[in-house]
Number of protein chains: 2
Amino acid sequence: MLSPSPSEPQTPSPRRQAVLGAVLALMVEEGDQLTMDAVARRASCSKETLYKWFGDRDGLLTATVQWQAAQVRADRYDGQALDVASLRESLEAFAATWLSVIASETSVALNRIAIGHAAARKSNLGGIVLSNGRFAIGERLKPVLEAGRAAGLLAFEDSEEAFRTFFGLVGRDIQIRLLLGDALGLDEAAIAGEAERAVAQFLALHGRAPSNP
Amino acid sequence: MLSPSPSEPQTPSPRRQAVLGAVLALMVEEGDQLTMDAVARRASCSKETLYKWFGDRDGLLTATVQWQAAQVRADRYDGQALDVASLRESLEAFAATWLSVIASETSVALNRIAIGHAAARKSNLGGIVLSNGRFAIGERLKPVLEAGRAAGLLAFEDSEEAFRTFFGLVGRDIQIRLLLGDALGLDEAAIAGEAERAVAQFLALHGRAPSNP
DNA sequence: TAGAAGCCGAACCGTACGGTACGGTACGGA
DNA sequence: TCCGTACCGTACCGTACGGTTCGGCTTCTA
């Protein structure tokens with residue numbers, strides 16, 4: 001693990017959010033070589049303001065990543081999955097949400113930038129993305145899995161390990177292909193299909209339903 | 001899919017290989033912000049030569065990626081897996097090799113750079129890495145899977161889909177974590193363990209051995 | 001109505017880096 | 001012995017970009 005989830009800076013002012021939104025849009029369009037000039041132009045603000053508000057380029061990027069990460073983890077699945085149907089439903093919803101996140105242009109752009117920074121050992125965008133992505137979702141899913149186990153519907157020893165398997169079954173080669181620029185068109189229906197398949201496989205491995213005594 | 005496997009340029013001269021090796025080393029150390037100056041210094045050659053040989057910075061990077069990719073796909077598993085034990089063994093060897101590749105510093109550095117280029121929509125490093133990594137390994141593994149199916153040991157409809165599941169079970173969250181700078185220390189033993197676990201899960205899903213009628 | 005604060009836009013500075021030019025050396029062939 | 005080729009090392013050029021400065025406009029407060 002890289003960084004313990006970073007201290008949440010309270011939501012920025014609307015004006016700042018507009019700036020961060022501009023950064024995000026530019027990230028999607030231009031990748032990491034977005035310039036401070038471009039940001040200022042896009043956000044109709046002066047570079048001076050950017051530097052006053054965010055310190056330097058890295059600060060701006062970090063703020064953007066944190067802000068966007070906060071957007072994502074909105075919904076919450078309280079995991080009282082009592083029967084296998086509702087458990088399956090929860091898991092599928094989880095998988096579908098997660099897939100549509102990692103398939104979104106924003107997520108791809110963000111991850112690319114964070115990876116670039118990890119390469120340069122600059123700042124800690126990688127850690128931020130990781131703790132708001134992979135680890136955050138793990139912490140959200142584990143209670144569901146544990147509830148499933150408590151209800152006798154799932155069998156596993158380590159919920160972290162079970163989650164990693166779930167992660168692999170859902171994501172497969174999708175994220176790396178998107179990051180590398182492969183344009184696999186994942187529409188809503190495809191995502192639903194993937195989610196269903198992944199959950200079926202996960203239940204085949206860890207399920208304990210009547211059909212899997 | 002991005003690019004049909006690129007036309008293989010025959011192995012470069014030893015001198016050029018030395019240069020490419022220097023680039024590779026610098027990629028690992030510095031990430032994408034390796035400079036032409038640094039390469040020239042490291043390889044004890046003049047920048048003029050670099051430009052004469054490789055055209056421009058992009059050409060140098062591309063040549064390096066292609067060269068390194070050629071190194072990787074050396075071994076070959078001819079998949080006459082007759083019994084379940086040898087099939088399992090083949091799959092485990094496959095998984096372990098693949099894991100040690102994606103966990104290597106070189107692979108991480110290369111993927112990071114290719115991802116950066118995909119972000120900038122420059123050149124096609126992403127396509128090259130993809131077709132020499134993810135797709136190349138797919139083409140190598142599928143015959144094994146199909147042999148297993150022919151021998152009645154595996155059950156699946158689409159070998160591409162089966163491979164993707166295998167890929168997910170093996171890689172799980174490892175590659176993305178490494179790319180983002182998470183330092184999960186994967187030693188030989190851990191890799192072997194991961195490979196064994198992944199294959200066991202894969203066989204649980206697609207196996208047809210006596211234990212899984 | 002004067003001042004202060006916050007911000008925009010534009011000009012500016014320094015530097016890093018891609019790419020080029022050039023002098024100097026080693027070597028192989030006539 | 002002389003020339004051509006290939007290369008190294010270094011100096012150089014142009015530009016892009018991070019960061020700073022400054023003049024002027026608006027808004028708020030007294």
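Just the heavy atoms: all of them, side chains too, but no hydrogens, waters or symmetry mates, feed the values below. Residue numbering restarts at 1 for every chain, and letters A, B, ... go by the order of the sequence lines.
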Summary of protein contacts for nucleotides 5-11 of chain C, nucleotide by nucleotide, where a base hit scores B, a sugar-phosphate-only hit scores S (4.0 Å, heavy atoms)
--SBB--
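Judged by distance alone, the side chains of A/Ser107 and A/Asn111 do bring a donor and an acceptor atom under 3.5 Å apart.
Summarising the geometry, atom NZ belonging to A/Lys52 is positioned 11.5 Å from atom SG belonging to A/Cys45; distances are rounded to the nearest 0.5 Å. Atoms CG and OG1, on A/Leu169 and B/Thr165 in that order, are 7.0 Å from each other to the nearest 0.5 Å. A distance of 5.0 Å separates NE2 in A/His117 from CG in A/Leu61, rounded to the nearest 0.5 Å.
Taking a cutoff of 4.0 Å between a charged side-chain nitrogen and a carboxylate oxygen, A/Asp37 and A/Arg42 do not qualify as a salt bridge. With respect to the salt-bridge test (charged N to carboxylate O, under 4.0 angstrom), the residues B/Arg197 and A/Glu161 do not qualify. Salt bridge status for A/Glu105 with A/Arg112: absent, with no side-chain N to carboxylate O gap under 4.0 Å.
Comparing A/Asp37 and B/Arg41 by the nucleotide of DNA chain D that holds the closest heavy atom to each, the one mapping nearer the 5' end is B/Arg41.
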Cut-off 3.5 Å, no hydrogens considered: what does the side-chain donor-acceptor table look like for residues 184-192 of chain B, sequence neighbours left out?
{"residue": "B/Asp187", "atom": "OD1", "partner": "B/Ala189", "partner atom": "N", "Å": "3.4"}
{"residue": "B/Asp187", "atom": "OD1", "partner": "B/Ala190", "partner atom": "N", "Å": "2.8"}

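Contact footprint of chain B on DNA chain D: nucleotides with an atom under 4.0 Å from a non-hydrogen protein atom, first to last in 5' to 3' order, D/dC7 to D/dG9.
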